[in-house]
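Every value quoted in this text rests on a predicted model; they were computed, and no experiment measured them. Sequence lines set the chain letters: A, B, ... in the order given, protein chains first and strands last, and positions in each chain run from 1.
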There are 2 protein chains.
Amino acid sequence: MKFSCHSDQFQKALSIVDKAISTRSSVNVLEYVFLNVKENKLTLIGNDLEIGIKHSIPVDAMDQEGEILVKSKTILSIMGRLQNHPVTIETVDNILKIKSEKVDFEILGLSTNDYPQFPKVNEGYRFPIKIEELKDLIKKTIFSVSFDETKQFLNGILIKNEPEHLSFISTDGFRLSLKQKKCEGIENEFSAIVPFKAMNEVSKIIQTLPQEESIHINISEKQVAFFIGETTFLSRLIEGQFPDYRQVMPSESVHSYSIPRKLLLDASERAQIIAAESNNVVRFNFFDNELVIKSNANALGEFKEGIDVNRESGEGDSKIAFNVKLILDAIKNLDDEDLVMKFSSEVSPCVIQPKNESDYTYIIMPIRTNDFQETGA
Amino acid sequence: MKFSCHSDQFQKALSIVDKAISTRSSVNVLEYVFLNVKENKLTLIGNDLEIGIKHSIPVDAMDQEGEILVKSKTILSIMGRLQNHPVTIETVDNILKIKSEKVDFEILGLSTNDYPQFPKVNEGYRFPIKIEELKDLIKKTIFSVSFDETKQFLNGILIKNEPEHLSFISTDGFRLSLKQKKCEGIENEFSAIVPFKAMNEVSKIIQTLPQEESIHINISEKQVAFFIGETTFLSRLIEGQFPDYRQVMPSESVHSYSIPRKLLLDASERAQIIAAESNNVVRFNFFDNELVIKSNANALGEFKEGIDVNRESGEGDSKIAFNVKLILDAIKNLDDEDLVMKFSSEVSPCVIQPKNESDYTYIIMPIRTNDFQETGA
């Protein structure tokens, strides 16, 4: 191969496919990026056998077609150190020559013979989605994915369609996140568990793209494909049965309070300073128009803070205790000014919803604290 | 004690003395900060028995004098989460009560009885120094301090006076940094090895202070004191004999070249990508008005880059090899547009100096590379 391009273009393209390149694989070849030049186009492929990413960029001048494997880490470092200069790239046998002004690199590569074939995109259910919507769907559900390897079916986000809705759902058994978006004309039913890593990398790739543009998702039996401009992103799906979220979701709640999100965030972060020394337990005591948040740790001390809230339904005082980390995970990822907290008793699931975003639901299991019950604090 | 202040004032003061507070000491009390309120002034002390820092701030309203020990980490977190609100602080027995609007913390403290006494500042040689000068002296020498525990006398920066000069010197046996500044009226001779940690923390404390202001340094037999505004910073000195830098410094050099610093920095960083895989060796080949930098690694490939330089003395081609990390450490910390490299042969020490900063000298020992000698590359 022989072609020219700008180092920053090349680096940007590499950094996309690099997300699918192993850093320490038992299969040596997976640490390499596949480069192919043809018809004035450079195609880069990374493939760790879980995720495969193919990305293409136009090149400035192509003298000769060809392909090679080179260590992704090395080429990324080199392009990052060439300060957006024009570079000429050429292969001679299995050596990749990179020239830029007075700079000369000769990097040992490998023949592409042993590189795994890039998976075929299977026939499946294909639909468009706006980048800003996909970002929001991922952001509001990815943090409650389980990393418990004995429950692989929880190690990803469930994507499924329901009448007129596309839903993203995740749970680790202690809390559940559900974000829906309206979409019309969904015909086939589908349901797919996309691994955490794939979702996380997709969200990084779309981060800097124009938010108004759309990408396409293709879901087939064992594979999900994201078509993002010149990038094809493939991932295997997780097999297994995802729990039915409707069984966890309380149909109605006795108590319901509207709480300013920022005040709840600040108070919870303060409560965590103490709670961190006692299993992260924080206690919420609701009165008519006040929520008092408490935490205490034997060797450290106590915390107490009051927040003005609005009771929306129910009567009398109520109390409930949580792992403060699970509270913080959700409210940090929301933007609404006010949240609604709904629960029936201190042992039943609590629902947190942004006041003006009814298509997002966070369900959190309370902690039963003996101490809490005894002192009635 | 009972007083009021703003949380950010308190946090700022805590973050200064926290540098002398142990995070995991076998002596529990060293994880605590000493707080004393007297005459409308809050004094905070941190002391890890190596370094002691005392800092004072005025308080807004003092109702009652007193002192207590509290966990520094906890109070720092609390103050950091109070978003610059006014706080009231009060002790009841050994409990520190922190109140701010609707926030209430009660933190278990300790009696100050068991806290080590803050060391007395010994009579010594005391002199003023401008903050910007001290920052520069530390910045240009601290990176070549040795961390070899078997050579404790190299684990710090030597501060000494010589006729009309104050010198900061450090070496790890592979390179040596010497930065001098003119100062008049030095009478007594002194020479003190200040531990890395003390120098590093002092440089952080002075980072954000007005650069034109001066602080005072007091050097006595076993102790150095820095008087920085309302902060007293004490450290023990390292005992032992620091090597005489004049013995390492070549009196004259055969070859001398002027090199644009930024070009040398960029080329060295590129060379390092390859050199990192072969003991960081980079080869410098000097011709009349060109420096060619090379590195190579068997399993990875080769690098070569030319830089236009100016020969200042000497004749014929010359070559020398270095550990690229040692080159980068120095040129990253300098600002001059041009550097001068001087050496006599590929086995003699090489001097690097900023062209317009003759009071800074960096001496680096070359690497003898067999391969280098054989191929003459």
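Heavy-atom pairs under 4.5 Å with chain A were tallied for B:V70, B:L82, B:I95; the largest tally goes to B:L82. When each of A:D266, A:L108, A:L96 is checked for heavy-atom pairs under 4.5 Å with chain B, A:L108 comes out on top.
With ring centers used as reference points, A:F284 lies under 6.0 Å from A:F322. With ring centers used as reference points, A:F286 lies under 6.0 Å from A:Y257.
No side-chain donor-acceptor contact under 3.5 Å links B:E290 to the backbone of B:F287.
With a threshold of 4.5 angstrom between heavy atoms, A:N298 approaches chain B through N, CA, C or O but not through any side-chain atom. The contact between A:A299 and chain B is made entirely by backbone atoms, counting heavy-atom distances below 4.5 Å. The contact between A:Q83 and chain B is made entirely by side chain atoms (from C-beta outward), counting heavy-atom distances below 4.5 Å. When heavy atoms are compared at a cutoff of 4.5 Å, B:E277 approaches chain A solely by way of its side chain, counted from C-beta outward. With a 4.5 Å cut-off on non-hydrogen atoms, A:K73 touches chain B through its side chain but not through its backbone. Neither the backbone nor the side chain of B:A276 comes within contact range of chain A; no heavy atoms are under 4.5 Å apart. Looking at A:I273, only its side chain comes within 4.5 Å of chain B, counting heavy atoms on both sides. For A:I274, the part sitting under 4.5 Å from any heavy atom of chain B is the side chain, from C-beta outward, and nothing else.
Inspection of the B:E67 and B:T112 side chains reveals an N or O donor paired with an N or O acceptor under 3.5 Å.
With A:E305 as the fixed residue, the salt bridge (charged side-chain N to carboxylate O under 4.0 Å, His left out) test singles out one of A:K294, A:R270, A:R283: A:R270.
The pair A:K355-A:D336 does not meet the salt-bridge criterion, since no charged nitrogen lies less than 4.0 angstrom from a carboxylate oxygen.
Contact check for B:T74 versus A:L300: side-chain heavy atoms found under the 4.5 Å cut-off.
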